[in-house]
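Reading through the structure tokens given below for one structure.
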Amino acid sequence: MFRFFRYRCIIFRYIILWLCIITMMKLTIIFYYDLQKQSIDSSSLALPYDDSQLNKENKQQLLNLTTSQIQSINTTITINRTAIEYYRQYVQRKNHEQFMYNNYLFSSKTTRYILLVQVHTRVVYLKKFIEMLQAVQTINQTLLIFSHDFIDPEINTLVTNIKFVPVIQIFYPFSQQLYPDEFPGLDPNDCPRDIAKHKALATRCKNAPYPDKYGHYREVSIVQIKHHWWWKLNFVFNSIEILQNRTDVLVLLLEEDFYLSPDALFFLKKMEDEKERLCPECLIYTLGNLEKSGRQFNNLGSKVSIAYWHARYNLGMTISYSLWLSILQYAEEFCNVDDYNWDWSLVYLAQKRFDYPRVIWSSAARVTHLGSCGTHHKKTCSNQSDIARWEETDKFYQLNYKYLFPTTPLTVHAKYEARRPLKQTNGGWSDLRDRQLCLSFALKNTKDISHINIKI
């Protein structure tokens with residue numbers, strides 16, 4: 001009897017010991033996770049500039065760097081090499097960590113839609129964009145990836161405070177902010193945009209042999225957009241660890257000044273589900289619509305249109321894994337076509353290599369572009385007027401809410417058979433260095449860009 005009780009005590013002690021070990025392991029994991037999150041949060045909110053070396057005025061100038069200002073800024077302030085190197089290391093670390101906020105909402109089995117948002121410096125837009133996303137049904141079942149070309153604490157605060165969807169931040173590692181006075185930024189020895197080629201050759205500026213078809217030389221802020229667009233897709237499909245070996249994902253391309261209707265994801269899934277009946281040959285889904293009729297939800301709320309894909313169907317377009325592999329096969333042509341626009345470069349491939357792929361899009365616009373402060377807007381822009389447009393769009397979808405979330409089968413509103421002729425390229429993409437850098441993203445060879453240099 002004594003021996004029986006003794007064994008029971010020994011077993012009981014072992015059980016208590018293992019319960020303590022398991023509890024300690026769980027506490028350690030929770031502590032490590034919280035510590036990691038705090039470390040990442042604090043590092044993302046900290047300005048990587050040394051206050052003792054840069055006064056506030058010079059820091060603000062560097063943070064707001066643009067192509068038109070960079071030349072004069074370089075002559076009035078000395079760029080803090082330590083700060084720039086800190087920034088570069090910060091970006092490299094963030095891209096390597098790929099930390100996922102709200103990861104408890106992510107499922108490797110059910111999360112298919114990747115909302116890939118290209119972000120620049122427009123904090124006002126980004127704030128409204130995040131607020132808007134909360135009203136989009138099933139947004140919590142997606143993965144939201146913000147791709148930045150500018151490091152800013154206010155932007156990071158907005159992103160890291162999101163609680164309703166899994167979020168990953170990635171950073172374009174060759175931005176003008178990280179390379180303010182050397183390629184891919186503006187090298188002091190680069191040719192001015194409008195200098196004649198014979199004068200450029202005489203002055204021996206770096207890219208003198210490579211003006212575009214219109215006689216112009218590269219503009220940093222312009223070419224960076226195509227570089228960033230191409231890099232982020234290569235990074236998401238090839239380097240995001242959580243998405244590796246996933247061939248079922250569908251990437252929805254967005255920007256921080258886009259507005260999604262509350263049923264945008266619902267309608268995207270409905271188009272997917274009914275694709276075989278409506279357009280089995282379609283390769284691309286698009287939620288935006290540039291036609292004036294796109295606001296007629298009472299007539300078009302449950303209708304789609306079909307056409308051969310063109311740049312006008314780039315608003316809220318999707319890229320599947322299989323389509324991405326097809327594009328990647330022609331990476332060299334994408335990177336060599338003399339066009340600074342990513343969408344017109346795709347048009348070139350679509351018509352030359354893909355035999356005019358079909359697109360199916362929502363006849364009533366479920367993605368709207370609201371911003372007026374951007375690269376292609378030459379007139380004076382106003383954040384206030386854009387916010388007013390945002391509020392107007394809010395009211396528009398509220399008024400038309402009864403036409404959202406259609407329950408009946410989708411029908412075809414229009415099917416366009418015309419094939420748009422291939423127009424001349426827009427230029428702006430003739431610099432050999434840009435083409436080499438672009439191609440290096442597809443070849444996953446971007447650790448060292450020192451070889452991308454031209455000497456004449």
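Heads up: numbering here begins at 1 and tracks the sequence. Small disclaimer: the values here were computed from a predicted structure and weren't measured. Side chains are part of it too, since the values below use all heavy atoms of this structure and drop only hydrogens, waters and symmetry mates.
By the 30° and 60° cut-offs, the orientation of the rings of Tyr259 relative to Tyr397 is parallel. Ring geometry, Trp342 versus Trp229: the interplanar angle falls under 30°, so the pair is classed parallel (tilted spans 30 to 60°). Relative orientation of the Phe171 and His148 rings is parallel, given thresholds of 30° and 60° on the angle between their planes. Taking the six-membered ring where tryptophan is involved, the planes of Phe174 and Phe441 are essentially parallel, since the angle between them stays under 30° and well short of 60°. Using cut-offs of 30° and 60° on the angle between ring planes, the pair Tyr416 and Trp361 is parallel.
Screening residues 264-288 for ring pair (Phe, Tyr, Trp, His ring centres under 6.0 Å), with sequence neighbours left out, gives Phe266-Phe405.
Annotation for Glu333: atom CD counts as buried by contact number, over 12 foreign heavy atoms lying within 6.0 Å. When the shell of 6.0 Å around CD of Glu131 is examined, it contains more than 12 heavy atoms from other residues, nucleotides or ligands. Crowding of Lys352 atom NZ: a count of heavy atoms from other residues, nucleotides or ligands under 6.0 Å not exceeding 12. Around NZ of Lys269, the count of heavy atoms belonging to other residues, nucleotides or ligands within 6.0 Å does not exceed 12. A 6.0 Å sphere centred on CD of Glu154 holds no more than 12 heavy atoms belonging to other residues, nucleotides or ligands. Atom CZ of Phe164 is surrounded by more than 12 heavy atoms from other residues, nucleotides or ligands within 6.0 Å.
Here Tyr113 contributes atom OH and Leu250 contributes atom CG; the two are 6.0 Å apart, rounded to the nearest 0.5 Å. Note: Ser362 OG to Leu300 CG = 8.5 Å, rounded to the nearest 0.5 Å. Considering OG1 of Thr425 and CG of Asp212, their distance stands at 8.5 Å, rounded to 0.5 Å. Remark: Ile151 CD1 to Leu178 CG distance equals 5.5 Å, nearest 0.5 Å. With rounding to the nearest 0.5 Å, the separation of CG in Leu144 from CG in Leu116 is 9.0 Å. To the nearest 0.5 Å, atom CG of residue Leu233 and atom CD of residue Gln118 are 9.0 Å apart.
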Problem set entry | salt bridge (Lys or Arg N to Asp or Glu O under 4.0 Å) between Arg433 and Glu182, worked out | CA-CA 12 Å; Arg433 296 169 300 176; Glu182 60 181 304; over 6 Å; no

Problem set entry | Chi angles and distances behind the ring pair (Phe, Tyr, Trp, His ring centres under 6.0 Å) call for Phe106, Tyr104 | CA-CA 6 Å; Phe106 180 83; Tyr104 65 93; over 10 Å; no

Problem set entry | Steps toward side chain to side chain contact (heavy atoms under 4.5 Å, CB included) verdict (Asp190, Val220) | CA-CA 10 Å; Asp190 279 354; Val220 177; 5.7 Å; no

Problem set entry | Intermediate values then yes/no, side-chain hydrogen bond (donor to acceptor under 3.5 Å, both in side chains), Thr368 and Thr393 | CA-CA 9 Å; Thr368 308; Thr393 306; 5.8 Å; no

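For the pair Arg295 and Phe396, the cation-pi criterion (under 6.0 Å, within 45° of the ring axis) is fulfilled. Relative to the six-membered ring of Tyr179, Arg88 meets both conditions, a distance below 6.0 Å and an angle of at most 45° to the axis.
Under the salt bridge (Lys or Arg N to Asp or Glu O under 4.0 Å) criterion, Asp149 pairs with no residue, sequence neighbours left out.
Proximity of a side-chain donor or acceptor of Asn80 to a complementary backbone N or O of Ala83 within less than 3.5 Å is detected. Remark: side-chain polar atoms of Arg389 are paired, donor with acceptor, to backbone N or O of Leu370 under 3.5 angstrom. Without hydrogens or angle criteria, Lys275 side chain to Pro280 main chain gives a donor-acceptor distance under 3.5 Å. At distances below 3.5 Å, not a single donor-acceptor pair connects side-chain atoms of Arg218 with backbone N or O atoms of Gly428. In terms of modelled atom types and a separation under 3.5 Å, the side chain of Gln98 and the main chain of Glu241 share a donor-acceptor contact. Between the Glu256 side chain and the His120 main chain, a donor and an acceptor come within less than 3.5 Å of each other. Although no hydrogens or angles enter the test, the distance criterion places a donor-acceptor pair under 3.5 Å between the side chain of Arg246 and the main chain of Ser108. Remark: the backbone N or O of Lys213 is paired with a side-chain donor or acceptor of Asp338 at under 3.5 angstrom. Between the side chain of Gln244 and the backbone N or O of Asn238 there is at least one donor-acceptor pair closer than 3.5 Å. Between the side chain of Ser107 and the backbone N or O of Lys109 there is at least one donor-acceptor pair closer than 3.5 Å.
Minimum interatomic distance between Gln351 and Pro421 (heavy atoms only, all atoms of both residues): OE1-C, 3.9 Å. The nearest pair of heavy atoms linking Lys206 to Asp187 is NZ-OD2, 2.9 Å. Minimum interatomic distance between Val165 and Ile139 (heavy atoms only, all atoms of both residues): CG2-O, 3.1 Å. The two residues Ala331 and Trp230 have their closest heavy-atom pair at CB-CZ2, 3.7 Å. Scanning all heavy atoms of the two residues, the minimum distance from Pro211 to Ser430 falls at C-OG, 3.0 Å. The two residues Phe237 and Ser320 have their closest heavy-atom pair at CZ-O, 4.0 Å.
A distance of 6.0 Å or more separates the ring centres of Trp429 and His216. Annotation: Tyr401 is not in aromatic contact with Tyr403 [ring centroid separation under 6.0 Å not met].
At least one side-chain heavy atom of Val123 sits less than 4.5 Å from a side-chain heavy atom of Asp152. Side chains of Thr318 and Leu253 form no contact here, defined as non-hydrogen atoms less than 4.5 Å apart. Ile84 is listed as a side-chain neighbour of Pro180, based on a closest heavy-atom distance under 4.5 Å. For the pair Thr160 and Tyr101, the minimum side-chain heavy-atom distance is below 4.5 Å. Contact check for Asp394 versus Met132: no side-chain heavy atoms found under the 4.5 Å cut-off. Within the 4.5 Å cutoff, the side chain of Leu437 has heavy atoms near those of the Pro184 side chain. Residues Arg122 and Glu255 have side chains in contact (heavy-atom distance under 4.5 Å, counting atoms from C-beta outward). In this structure, the side chains of Pro192 and Tyr217 stay at 4.5 Å or more apart for every pair of heavy atoms.
Phe354 pairs with exactly one of Tyr308, Tyr330, Trp309 by the ring-ring contact (aromatic ring centres under 6.0 Å, His included) rule, that one being Tyr330. Across Thr142, Leu265, Asp263, Leu115, a single residue satisfies side chain to side chain contact (heavy atoms under 4.5 Å, CB included) together with Val136, and that is Leu265.
Side-chain contact of Ser175 with His228: a donor-acceptor pair under 3.5 Å is absent, judged by distance alone. Side chains of Ser345 and Lys226: a donor-acceptor N/O pair is present below 3.5 angstrom, by distance only.
Using a 4.0 Å cut-off between charged side-chain N and carboxylate O, Arg93 and Glu97 make a salt bridge.
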